[in-house]
Number of protein chains: 2
Amino acid sequence: MRVTTRGRYAVMAMFDLAVRRSPEPVPLKQIAEHQGLSERYLEQLMAPLRRAGLVRSVRGAQGGYTLGRLPGAISVGDILRVVEGPISPVACVANPLACARTDGCVTRGIWSRLRDRMVELLDSITLADLCQEAASEPSMVGVDDRAGSLS
Amino acid sequence: MRVTTRGRYAVMAMFDLAVRRSPEPVPLKQIAEHQGLSERYLEQLMAPLRRAGLVRSVRGAQGGYTLGRLPGAISVGDILRVVEGPISPVACVANPLACARTDGCVTRGIWSRLRDRMVELLDSITLADLCQEAASEPSMVGVDDRAGSLS
DNA sequence: TCCAATCCCTACGGGAATGCTAGGGTTTCC
DNA sequence: GGAAACCCTAGCATTCCCGTAGGGATTGGA
């Protein structure tokens with residue numbers, strides 16, 4: 001029951017882009033260094049984000065990325081869906097075809113409700129919200145965790 | 001962001017045990033057949049459940065499993081924690097040691113809030129609740145999904 | 001005009017986790 | 001004694017994760 005590094009790194013990169021408020025495109029190298037991530041790996045996450053319109057890219061020297069929409073119009077859920085696929089604790093909730101006995105399943109109801117809760121929260125948090133949080137905690141802009149997961 | 005088959009199968013098995021309300025121990029073979037699961041695989045999930053006291057086992061012929069507590073005192077969260085470990089979308093939320101910069105991390109707050117929501121819901125659903133749901137939908141007792149995940 | 005910075009695309013590969021299967025115990029009732 | 005059950009440990013095929021690598025295309029500036 002874990003968010004992979006794809007999702008976490010993508011959120012970190014998008015957040016980094018949001019706090020800068022730069023009208024000029026920001027090169028990926030800066031974002032990667034600032035957040036302590038592999039530039040090459042991050043590059044792969046930007047491709048789907050660009051295709052989804054969450055970021056805009058400018059090629060060539062002095063190029064880089066800018067947010068595709070206002071920070072208030074980009075939610076964590078948006079980002080996760082792009083780089084990790086549908087937000088769902090089990091397959092059958094997202095795709096009924098994946099389930100043999102899609103009706104008449106009690107446990108299905110659990111995962112469905114869990115999914116709803118997760119989606120509700122993740123779609124309610126925008127990059128603007130994160131920027132506001134960061135503003136009240138100045139230290140919260142830089143390098144982040146990159147470790148595994150326990151809880 | 002998925003619950004593995006360990007978690008799903010364990011919940012299915014525990015539910016199966018709860019709806020029977022049998023004072024006699026139920027052999028695993030029956031549960032496996034009823035829920036359409038591999039008996040051998042399910043066997044491995046019962047071991048930790050037994051050690052955690054969620055089920056009691058009776059060895060030998062006419063043996064099997066019974067619930068270790070009343071259905072109303074066993075939550076889905078209890079079961080998942082036993083077979084899958086701590087409920088958490090990322091490691092650093094469960095174990096601060098797993099995170100280099102545990103403070104000063106905006107994204108960490110996201111996963112922490114997500115974890116809280118998940119735990120809150122999963123701990124609020126008991127086997128008794130599932131039995132009640134099943135009672136109003138008679139078809140909801142048998143074979144369940146075993147497929148992947150999309151959403 | 002060249003060059004460096006940058007984004008872009010594809011492939012590959014090591015390591016860990018998942019989802020079982022298998023073999024061989026031990027206990028208990030009939 | 002034997003069958004039915006639980007119990008314990010290993011192993012293993014597949015998949016996924018988490019990057020690394022190589023090369024190409026585009027653009028601005030010296």
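Here the structure is a predicted model, which is why all the values come from computation and not from measurement. Chain A is the first sequence line, chain B the second, and so forth, proteins listed ahead of strands; every chain is numbered from 1.
Summarising the geometry, the separation between CZ on A:Arg2 and P on C:dA16 is reported as 16 Å, rounded to the nearest angstrom. Between the OH atom of A:Tyr41 and the C1' atom of C:dC7 there is a distance of 19 Å, rounded to whole Å. Distance, A:Met1 CE to C:dA17 C1': 16 Å, rounded to whole Å. We find that CG of B:Leu28 is positioned 14 Å from P of D:dC8, with the value rounded to whole Å. One atom, CG of A:Leu42, and another, P of C:dT6, lie 14 Å apart when rounded to the nearest Å.
With hydrogens and angles ignored, a donor-acceptor pair under 3.5 angstrom links the side chain of A:Arg40 to the base of D:dG23.
Phosphate contact (OP1/OP2 of C:dC20, side-chain N/O of B:Tyr9, threshold under 4.0 Å): present. Of the side-chain N and O atoms in B:Ser38, one or more sit less than 4.0 angstrom from OP1 or OP2 of C:dT21. In terms of phosphate contacts, A:Thr5 brings a side-chain nitrogen or oxygen within less than 4.0 Å of OP1 or OP2 of D:dC18.
Evaluation of the salt bridge (charged side-chain N to carboxylate O under 4.0 Å, His left out) rule for B:Arg59 yields no partner, not counting sequence neighbours. Looking at residues two or more places apart in sequence or on another chain, you find a salt bridge (charged side-chain N to carboxylate O under 4.0 Å, His left out) between A:Asp123 and A:Arg81. With sequence neighbours excluded, the residues satisfying salt bridge (charged side-chain N to carboxylate O under 4.0 Å, His left out) with A:Arg69 are A:Asp78. Checked against side-chain hydrogen bond (donor to acceptor under 3.5 Å, both in side chains), A:Ser112 has no partners two or more places apart in sequence or in another chain. Every side-chain hydrogen bond (donor to acceptor under 3.5 Å, both in side chains) that B:Gln30 has, sequence neighbours left out, goes to B:Arg20.
For DNA chain D, the residues of residues 43-59 of chain A within the heavy-atom distance limit of 4.0 Å (strictly under) are A:Gln44, A:Arg59, sorted by number.
By the 6.0 Å contact criterion, CD on B:Glu43 is enclosed, its count of non-hydrogen atoms from other residues, nucleotides or ligands being greater than 12. Atom CD of B:Glu39 has more than 12 neighbouring heavy atoms from other residues, nucleotides or ligands inside a 6.0 Å radius.
Heavy-atom nearest nucleotides on DNA chain D were determined for A:Arg6 and for B:Gln62, and the one closer to the 5' end corresponds to B:Gln62. Both B:Gly60 and A:Tyr65 lie close to DNA chain C; mapped to their nearest nucleotides by heavy-atom distance, the more 5′-ward contact belongs to A:Tyr65. Where A:Val3 and B:Gly64 each meet DNA chain D at their nearest nucleotide, the meeting point lying more 5' is that of B:Gly64.
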